[in-house]
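All remarks here apply to the structure that follows.
We name chains A, B, ... by the order of the sequence lines, and we start the count at 1 in each one.
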Amino acid sequence: MRSNFFTESLLNWFENNERNLPWRQTKDPYIIWLSEVILQQTRVAQGLPYFLKFAERFPKVNDFANAEEDEILKLWQGLGYYSRARNMLKTAQLVVEKGAGFPSTYHELIQLKGIGEYTASAIASFSANEKVAVVDGNVYRVLSRYFGIHDAIDQTIGKKNFKKIAEQLLPAANSDQYNQAIMEFGALQCKPKCPDCSTCPLSINCIALKENTINQLPFKSKKQTKKKINLHYLVFKNAENILIRQRRGLGVWEGLYDFAAIEITEKISHDDVLKYSEETFGFTINKIKEPAITYKHILSHIIYQASFWEIEINSSSKVMDNYHWIDHTLIGNYPVSRLVEKYLEG
DNA sequence: AAGACGGGGAA
DNA sequence: TTCCCAGTCTT
C-alpha cells in the first residue's frame, strides 16, 4: 500500500493549509504531551484555551509534578474525561522522579499513564521525528475513504489493518510533517460531514468518492446507547456554610466536588428528603426549598436528569471524610462538573 | 471485545 | 436529535 501520489499530495496540501497552532512551535516533548492529551477526543477549538492555561501555569514538567490534584482538576474543569488530568499528574511525577527529562521515544512514552498508541506516536513523531505512524479519528476517516476500506474502526481487526496501512504509507523523510498533514487534512478538508470533495486534491483517486460511499466511511459496528439516571442533589446549607462532597469511587467525575445526592429512577418527595437527611447525616431540617427546574446533562454514556434541593439546617455537625462544610463563597475554588457549575451560575 | 469515561459543536 | 472530536483504561 505505497502511494507517492497520496503522501506527496498531503504534504503539498499541508504547506498551503496548515493552521498556526501554538504546540507546533516547539519540539519540547513535555509541551507536545500537554497538547496531545488535552486534544484526546477533543476539538482544537475547545482544547486550545486549556492548552494555553496549562502551558502558562506549568511551563516545565517539574511545575506540573509539584501541583496539587485539586488545582489540576480546577484548571481542567469543563474539558471532560477527567482521568486525563489525574493521569497527567501521575505521569509528571514519575518523569520528575526518574530525573531524565520528559521522554521522546515511543517505547518509553507508551509505558506512561494516559499515553496510548496514538499519543505515544504523536509525541515521538513531533518532538523527535521518530518514524512512527499516528492513527487517530482523522486518519481513520482519510484512509477509509481514499482507499475504500470498510473495516470497522471500533474492532481490533480493523484497527490493526488501518495501523498497518498507516505504517506502510509513512514516507522515509519528513514523517513528522506527514503525520501532521494527514490529521490536519482530516480535520479541515476530509471532514466527517459534508466534506468538500470538489476542491479536494486527492479526489481524483478517492475510492469512496468514486463508489459514492463517502457518508458511510469510516464504518463503525457499534452504536452507543445512553442510560437515563435521575440525580437528586441535596444542597445542605446553614447561615454561612454549604456542604460539599468530593466524589470518590462513583465512576463519573472522579475527584471533582458536588453535593450529597440520591440516584434513583423514581421521583422523590419532600418526605424522602427529610428521611434521607435524618438517616444519612443525622440532620434536623429547618427548611426545604424544592427544585424549581431540572437540568438535563448528557455524558457519553449517561443522560442525567438532575434536580437540586436546597435544604437549610441549623448546625454544621460532623460528616463523613469526603464531605466538607465550606464557606459558601469559596465553592468557586473547587473543581466541579459542568452540571454543578451550571447550577451555581443560577 | 465491550463498556466506562465529558462536554460541546455542527448539520 | 445524531455524530464525533489529535483516545485510553478497565473489566
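Residues from residues 120-140 of chain A lying near DNA chain C, meaning a heavy-atom separation below 4.0 Å, are A/Asp136, A/Gly137, A/Asn138 in numerical order. A heavy atom lying under 4.0 Å from DNA chain C marks none of the residues of residues 67-76 of chain A.
Between the CD1 atom of A/Ile153 and the P atom of C/dC5 there is a distance of 7 Å, rounded to whole Å. Distance OH (A/Tyr50) to P (C/dA6): 16 Å, rounded to an integer number of Å. Here the P atom of nucleotide C/dC4 and the CG atom of A/Leu39 are 19 Å apart, to the nearest Å. Atom NZ in A/Lys226 sits about 12 Å away from atom P in C/dT1, given to the nearest Å. The nearest whole Å value for the distance from the OH atom in A/Tyr178 to the P atom in C/dA6 is 17 Å. One can place CE of A/Met183 at 13 Å from P of C/dC5, the figure rounded to the nearest angstrom. The CZ atom of A/Phe162 sits 16 Å away from the C1' atom of C/dG7 (whole-angstrom rounding).
Between A/Trp76 and A/Phe54, a ring centre-to-centre spacing shorter than 6.0 Å is recorded.
Sorted by first then second residue, the salt bridge (charged side-chain N to carboxylate O under 4.0 Å, His left out) pairs that include residues 199-227 of chain A, not counting sequence neighbours, number zero. Legend: salt bridge (charged side-chain N to carboxylate O under 4.0 Å, His left out) pairs involving residues 162-186 of chain A, not counting sequence neighbours, sorted by first then second residue: A/Arg19-A/Glu184, A/Arg24-A/Glu184, A/Lys27-A/Asp176, A/Glu117-A/Lys163. Residue pairs meeting the side-chain hydrogen bond (donor to acceptor under 3.5 Å, both in side chains) criterion with at least one partner in residues 141-150 of chain A, sequence neighbours excluded, are A/Asn138-A/Arg141.
A donor-acceptor contact closer than 3.5 angstrom is absent between the side chains of A/Gln216 and A/Thr213. No hydrogens or angles considered: nothing links the side chains of A/Ser9 and A/Asn12 as a donor-acceptor pair under 3.5 Å. Between the side chains of A/Asp327 and A/Thr329, at least one donor N or O lies within less than 3.5 Å of an accepting N or O.
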Check: residues 304-313 of chain A side-chain donor-acceptor pairs under 3.5 Å, at least two apart:
{"residue": "A/Gln305", "atom": "NE2", "partner": "A/Thr294", "partner atom": "OG1", "Å": "3.2"}
{"residue": "A/Glu310", "atom": "OE2", "partner": "A/Tyr343", "partner atom": "OH", "Å": "2.7"}

Name every donor-acceptor pair, under 3.5 Å, that has one atom in a side chain of residues 29-41 of chain A and the other anywhere in the protein, sequence neighbours excluded.
{"residue": "A/Tyr30", "atom": "OH", "partner": "A/Phe58", "partner atom": "O", "Å": "2.6"}
{"residue": "A/Ser35", "atom": "OG", "partner": "A/Ile32", "partner atom": "O", "Å": "2.7"}
{"residue": "A/Glu36", "atom": "OE1", "partner": "A/Tyr118", "partner atom": "OH", "Å": "2.7"}
{"residue": "A/Gln40", "atom": "NE2", "partner": "A/Gly114", "partner atom": "O", "Å": "3.3"}
{"residue": "A/Gln40", "atom": "NE2", "partner": "A/Thr119", "partner atom": "OG1", "Å": "2.9"}

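Only the C1' atoms considered, B/dA11 is 22 Å distant from C/dA6, to the nearest whole Å. Only the P atoms considered, B/dG6 is 15 Å distant from C/dT11, to the nearest whole Å.
A salt bridge links A/Arg338 to A/Glu341: one of the charged nitrogens lies within less than 4.0 Å of a carboxylate oxygen.
Using a 4.0 Å heavy-atom criterion, one finds that A/Ser35 contacts no nucleic acid atom at all.
A/Phe5 meets the ring-ring contact (aromatic ring centres under 6.0 Å, His included) test with no other residue; sequence neighbours excluded. Take A/Lys90 and apply the side-chain contact (heavy atoms from CB on, under 4.5 Å) test, not counting sequence neighbours, and it matches A/Asn87, A/Lys113. In this structure A/Tyr178 satisfies the ring-ring contact (aromatic ring centres under 6.0 Å, His included) test with no other residue, sequence neighbours excluded.
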Under 4.0 Å protein heavy-atom contacts per nucleotide of nucleotides 4-11 of chain B, with B for base, S for backbone only and - for none:
SBBBBB--

Using nucleotides 9-11 of chain C, report all nitrogen or oxygen pairs with the protein that are shorter than 3.5 Å.
{"residue": "C/dC9", "atom": "OP1", "partner": "A/Gly114", "partner atom": "N", "Å": "2.5"}

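A sub-4.0 Å separation between OP1 or OP2 of B/dA2 and a side-chain N or O of A/Gln155 is present.
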